[in-house]
Amino acid sequence: MVDAINWDEKERMLLDLGEVKGCFKRCLEPLMNVMGDQAAVPVQTLADKWTMLVNGKPWDLLCDRIWHPRFSPDGRLTALVQLDDQWALAVDGVLSEERFDFIWNPKTSPDGAHIAALVKKDNRHTVLVDGKTWQHNYISIRDYALDHQGNVAATVQVEPLAEADIDKFFQGTWSVVYNDVLWQNKYINAYTPVIGPDGRTVSAEVRTDRLDYTIAIDDRAWSTKYECVWEQAHHPKTNAVVAPALHSGGWSMASNDGFIWDKKYAQLWHPKFSPDGTRLAVIASPTFGRWTIAVDDQPWKATFGDVVLDPVFGADSRHVAVVVKDNERWSVAVDGTVWGDTFDMCWDPVISPDGATTLAKVEKGGRYAIAINGRTGGQSFDGLWSPLFSPDKKSVLVKCREGDRFYTRVVGIGELLS
Amino acid sequence: MYALLTGPLLWLSLLVFFIGSLFRIIQMFRLAKKEKVIYPYMTVRHSLRSIIHWIVPFAGRNMRLRPFMTIATFAFHLSLFAAPLFLVAHNVILDARWGVSLWVLPETVADVLTLIVIAVCVFFFVRRMFAPEVLYVTSWGDVILLVLIALPFVTGFIAHHQFFASRAVLIAHIILGEIMLMLVPFTRLSHMLYFFFTRAYMGCEFGNVRNSRDW
Amino acid sequence: MLANRREVADPGIDNALKKLTPEKIEAVVRKVFNPKVSARLKVYLDTCVHCGLCSNACHTYNSRDKDPRYSPVGKVKQTIWEIIKKDYKVDAGFIKLAARIAFVECNACRRCSMYCPFGIDIAFFMMTIRRICHLLGVVPQYLQDTVNSHSTTMNQMWVQQDDWIDALQWQEDDANMEVAGARIPLEVEGADFMYSVIAPEPKILAQLLANMSIIATKAGLNWTMPATDGWDNSNMAMYSGDFETMARVEKLHWETALRLKVKKVVMGECGHAFRGAVYDGPKWLSWRKTPIPMVHAIEFYYDLLKSGKIKVAKKFAEPVTVQDPCNVVRGRGLGKKLRYIMNALCADFRDVEPRMEHNYCCAAGGGVINCGAPWKRDRVEGNKVKAEQIKQTGADVIVTPCHNCHSGIEDIIGFYKLKVHVKFISEIMVEVMEK
């Protein structure tokens, strides 16, 4: 984990692809893990087999196809692999016991301890979690959530539907399954299952009638129905559920008891509680065509014309940073103040533990850099992976690619800006 | 009677026309603001581009497809404005009342314009009755409106040439003219006001939003 | 006396009508059709002088012996004016006719707006009627089924997530046989663009995905496609009046592109999908324009040919004509670029007349083809002018850079027995390009 990072090691070269390239027919998109101690590349061998090359060393596992390689937060490398027309999940080169007709959409829990994926067996869908598949399978699974305890909630189709059977559709053919146990009620549609912080409560957006949308918690729908709702959020302490909801042409934040915010917005989505639960930040459009963040029903004064991405809270819950786009240029806004510089692309910002510094991976002119409080120094890279603050806030872990070489470096903030 | 009609009642009709029109336009602006998705897409350039293409004869494809109708409508609308505005008799009244007058047309030209209006009204009526696609959407209101437009011109022409009991016709002409003026903001004659705005909006929808043209 | 319209049974309409009460109809109509809150509804109503000049704009009117009921203003008279005349107290019989007019007899192609001297958006009136019908639950069965697919799967043909990815991988393999190293890169964060398509591609026209792979590989492009929902940019909910579902589909589509950190979205050869993703969807969601740019296949191919990234080895020899899709030609001004492509790829390109913004709709667009088999005859009968237009060119092949146009014109060719084949641009491009 992040604690295991050696902050004293100034530079480490993990891989020189140039040295090994010749051994392979093709190398695809490389990736680096959070701690910066592994660089991996999917490669096709000269014998037309696929494997993962990690820090220059290939897995023993050779597959017919390999895709969706991702490092979990704890540093394990997962990939979806095909062998003899069957599919499996490979973790650090070790295959899941079972083989499937297909496997897709792998997810890891926030700490990386749990890994899940959707799988198809005998033309039905089920869930693979931590190497085991659920007992039951379903006609179809679409959205699913995996929490820090390895619990899985998913939206599932529970009734078969004949072609163009619109009557049956509106009687409800979808529901939610939690750890392989189905909810009793059927809904017309069910979206975005979320597992509460207690690991027991499950909520989902549901469509209870042709024109009625609301949130259902543990299979009980809110009594108030709305013209539309978007993805809900659970309070990290109280487990209370809130969701953006549309009523009479205006959006506001709703809970079980109706609207909890006073203002009406042209749009509102992606609610996010601060880690301590004291604040609620939501992407908001206060007037048509303008976007900002509303924190506890107070939209920032600064608004942006193109798009505003998910709000990111600092660990102390005091600061909110967000990627924004205005007039075709990307930037970052922190607590309502936008950075001076703009970029071709910005990635999610990271706020330092003391809240004083915000950094983000940015792209300019086809090269990547780290912007610190809106400023970039002379260092730029061919490839860059999510930067991290050191515990003393003075340095940044830079995981980058320069040509064919992959490095992890610990760089002082001053040095990065020079 | 004549003094009343060309004095206070003329005032009244002009007032109703201007204030009524202003009211309708302000009402439209306020509604458009409330609708939220109108103004953010509008630009002066695309508005003018569209308006110009539709006030120039044959600039749009549909105008070229229907040359007779195009000539008729342009002649009609030009005459409809030019004849009363630049008529000697009207400007004499304006001059007498308020000491202002516009440039005036020779009487024969004014006569021709008046006859154009009347003739095109007849053409419009015939078209309404005999073109199936127009008849299908014609209501009594459309015919009445046509008559209401034709009447001030017919009576004006008669009064000018003193064909019949000219005094009575003149009085009728003034009353009908003032009624027509007052009806503009409150009937479909308001297309005269809205034309520029509906065109501007569609011009921007096509030009600014969809990178295309609307003629 | 005008002949009665052919009776068509559609459970999506007929069964729903049985459940309606006069009170419910009035309440919904009053709520949606409220000129007091819509400047457009109000001004359009007050401005229309009933001149009928929009008539000759409409392919259904021109194809049905100039029957005035099919003229744009004729459709407004039978629907909108009727509501006003009856002071909102319209009955189920009215809704049945209004649904037919708005869903089947109007393609929302907006050609009539170019023929109305005032630029009245007559399609907007028809969309308002569709919204009323949706709120009343009166939607043609097959169109509603498509919308149900959108709301459930976020694509229009009930494509399962695994089938989507499987189709891409299978087409990647196929493309590989044609061009070594061809890829369909999945989930590549930070690629230059995301390519989005509509559900018929993985479901029934999978070779189009291989075509894109071949083209992008030869052109050396850095692109990606999502392996999650959000890949389908089509949107029949936009046409059924279910704007909430429309918005959900478009929201996910744009959020998928944002998640992949791409700088633009290139979309396949589809017209209405462009409209949904660029205009109607964003507007409902409060985006004045799309959060990142979207490029239609026509612009994309144009750039590849113009820049020389794709070179033509030997031009397509057969006589070819083209269909200008309403939503990207009248709706985006891509007519000239389309002709550049046609001339670059084909030795014998024969243009249509009228053309570009003035071209006739295929009569499949606007959700009409999705109303399904019950309405097919009405649809093709309503586009005789298109058959005549194609025939006049003398071409053996017609290129349709839009899925709706493609299917609609195939139906017209079948019905009017034309000896013409329908192709997408990518099919000709892959055939003639240097590989």
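Letters A, B, ... are given to chains in the order of the sequence lines, protein chains preceding strands, and every chain is numbered from 1.
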Query raised in the report: Heavy-atom distance under 4.5 Å between the side chains of B:R188 and C:T47, does that happen here?
Result: no

Requested in this report: Check each atom of C:F124 against the heavy atoms of chain B and say whether the ones under 4.5 Å are side chain, backbone, both or neither.
Outcome: side chain

Query - Separation between NZ of B:K36 and NZ of C:K283, rounded to the nearest 0.5 Å - result: 14.0 Å

Query - Heavy-atom check, side chain of B:Y41 versus side chain of C:R288, under 4.5 Å - result: yes

Requested in this report: Count the heavy-atom pairs under 4.5 Å between each of C:S113, C:A57, C:G335 and chain B, then report the option with the highest count.
Outcome: C:S113

Query - C:R40 bridged to B:E35 by N-O distance under 4.0 Å - result: yes

Query - Flag, side chain of B:R199 to backbone of C:P117, donor-acceptor distance under 3.5 Å - result: yes

Report summary line: Bottom line for B:F196: the part with an atom under 4.5 Å from chain C's heavy atoms is neither

Requested in this report: Supply the atom-to-atom distance B:L65 CG to C:H358 NE2, rounded to the nearest 0.5 angstrom.
Outcome: 8.5 Å

Query raised in the report: Under 30°, 30 to 60°, or over 60°: which ring-plane class applies to B:H191 and C:F118, parallel, tilted or perpendicular?
Result: perpendicular

Query raised in the report: How many angstroms lie between CG in B:D214 and CG in C:D121, if you round to the nearest 0.5 Å?
Result: 11.0 Å

Query raised in the report: What part of C:L334 gets closer than 4.5 Å to chain B, counting heavy atoms only: side chain, backbone, both or neither?
Result: neither

Query - Note, C:V73 side chain near B:E133 side chain (heavy atom, < 4.5 Å) - result: no

Query raised in the report: B:M192 versus chain C, heavy atoms under 4.5 Å apart: side chain, backbone, both or neither?
Result: neither

Query raised in the report: Is any side-chain heavy atom of B:M202 closer than 4.5 Å to a side-chain heavy atom of C:M114?
Result: no

**Report entry** Residue pair C:D46 / B:S190: nearest heavy atoms and the distance that separates them
**Finding:** O-OG, 3.8 Å

Report summary line: Residue from C:S55, C:C54, C:S71, C:C51 scoring the most non-hydrogen pairs under 4.5 Å with chain B is C:C51

**Report entry** Selection from C:V278, C:L53, C:I120, C:V329 maximising heavy-atom pairs under 4.5 Å formed with chain B
**Finding:** C:L53

Report task. Heavy-atom distances under 4.5 Å only: say whether C:Y70 touches chain B with side chain, backbone, both or neither. Result -> neither

Query raised in the report: Quick one: does C:Y44's side chain get under 4.5 Å of B:T198's, heavy atoms only?
Result: yes

Query raised in the report: Is C:K42 positioned over the aromatic face of B:Y194, cation under 6.0 angstrom from the ring centre and no more than 45 degrees off axis?
Result: no

Query - Non-hydrogen side-chain atoms of C:H50 and B:Y136 separated by less than 4.5 Å - result: no

Query raised in the report: Are side-chain heavy atoms of B:R61 and C:E357 found at a separation under 4.5 Å?
Result: no

Query raised in the report: Which bit of C:R275 comes within less than 4.5 Å of chain B, counting heavy atoms only: side chain, backbone, both or neither?
Result: neither

Query raised in the report: C:N56 and B:R66: side-chain hydrogen bond (donor to acceptor under 3.5 Å, both in side chains), yes or no, with the steps?
Result: CA-CA 10 Å; C:N56 57 335; B:R66 303 165 178 268; 3.0 Å; yes

Query raised in the report: Of the backbone (N, CA, C, O) and the side chain (C-beta and beyond), which part of B:W215 lies under 4.5 Å from a heavy atom of chain C, both, or neither?
Result: backbone

**Report entry** Contacting moiety of B:R128, where chain C heavy atoms sit under 4.5 Å
**Finding:** side chain

Report task. Please confirm whether the backbone N or O of C:R332 pairs with a side-chain atom of B:N211, one donor and one acceptor, at under 3.5 Å? Result -> yes

Query raised in the report: Is there side-chain contact between C:K66 and B:P132, with heavy atoms separated by less than 4.5 Å?
Result: no

Requested in this report: Run the numbers on B:Y201 and C:V43 for side-chain contact (heavy atoms from CB on, under 4.5 Å), then give the verdict.
Outcome: CA-CA 11 Å; B:Y201 176 70; C:V43 173; over 6 Å; no

